Amino acid sequence: MADTIELEIVTPERLVVKDKAEEIQIPGRNGYLGILPGHAPLITELAVGEITYVNAGVSTSLSVAWGFAEVLADKVTIIAEAAERAEDIDVPRAEAARERAQEQLKKAEDAAQFDEAYLAIARADARLAVAKKQ
Ligand code: ATP
């Protein structure tokens, strides 16, 4: 069995990552999923959070929001609505998005408005956490 996995992360806009990994962590809908070479095949929905992978001992993190991951024994394909490498994250934009969402959260009048604001905060927090790891 190979000791690395191919990793591809794509968004509607671009190919964000094409690399090899010894291990990958992805935010599935039901929590984080750790993937090593030879993992059983699966398809999972993605939540908002961080993707972390290790290649040649070097760890790389990206922020991700929504989408799907297909896991095969030797390849993981992630089709995300949004995914950003640490160096591509605009920190002031994420801070501004977080502040706006906090205001919306205070004014939320129903569950849908609450969810929208809460998830916008989660996206901003994931971006800010990944940007800090640069
Ligand atoms: P904003 O209100 O700042 O647009 P958002 O959370 O609503 O934030 P998304 O809908 O998740 O943004 O993403 C829309 C697009 O903008 C995606 O392509 C995403 O990669 C990009 N994007 C959003 N925020 C940032 C950021 N802080 N830095 C870099 N790219 C970002």
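Every number for a ligand or one of its atoms is a count from 1 in the order of the listing. Source: prediction; values computed, not measured.
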Numbered in order shown, the ligand 1 atoms found under 4.0 Å of a heavy atom of D88 are 28 (N), 29 (C)
Is the count of non-hydrogen atoms from other residues, nucleotides or ligands lying under 6.0 Å from D110 atom CG greater than 12? yes
In the protein, which heavy atom is nearest to atom 7 (O) of ligand 1, and how far is it? R123 NH2, 3.3 Å
Please work out which of R98, E95, E84, R93 has its closest non-hydrogen atom nearest to atom 15 (C) of ligand 1. R93
Going by the order shown, which atoms of ligand 1 are within less than 4.0 Å of some heavy atom of A94? 27 (N)
Which pair of non-hydrogen atoms, one from P12 and one from A80, has the smallest distance, and what is that distance? CD-O, 3.3 Å
OH/Y32: more than 12 non-hydrogen atoms of other groups inside 6.0 Å: yes
Is it true that S63 and E84 share a donor-acceptor pair across their side chains at a distance under 3.5 Å? yes
With a 4.0 Å cut-off on heavy atoms, does R100 reach ligand 1? yes
Heavy-atom closest pair, residues R29 and T44: N-OG1, 4.3 Å
Nearest to atom 9 (P) of ligand 1, what protein heavy atom do you find, and at what distance? R127 NH2, 3.7 Å
Please list, in number order, the atoms of ligand 1 under 4.0 Å from a heavy atom of E13. 18 (O)
Run the salt-bridge test on K106 and E103 with the 4.0 Å N-O cut-off and return the result as yes or no. yes
Starting from atom 17 (C) of ligand 1, locate the nearest protein heavy atom and write down its residue, its atom name and how far away it is, to 0.1 Å. A82 CB, 3.9 Å
Is it true that K75 and E70 have a side-chain N and a carboxylate O under 4.0 angstrom from each other? no
of all protein heavy atoms, closest to atom 28 (N) of ligand 1 is D90 N, 2.9 Å
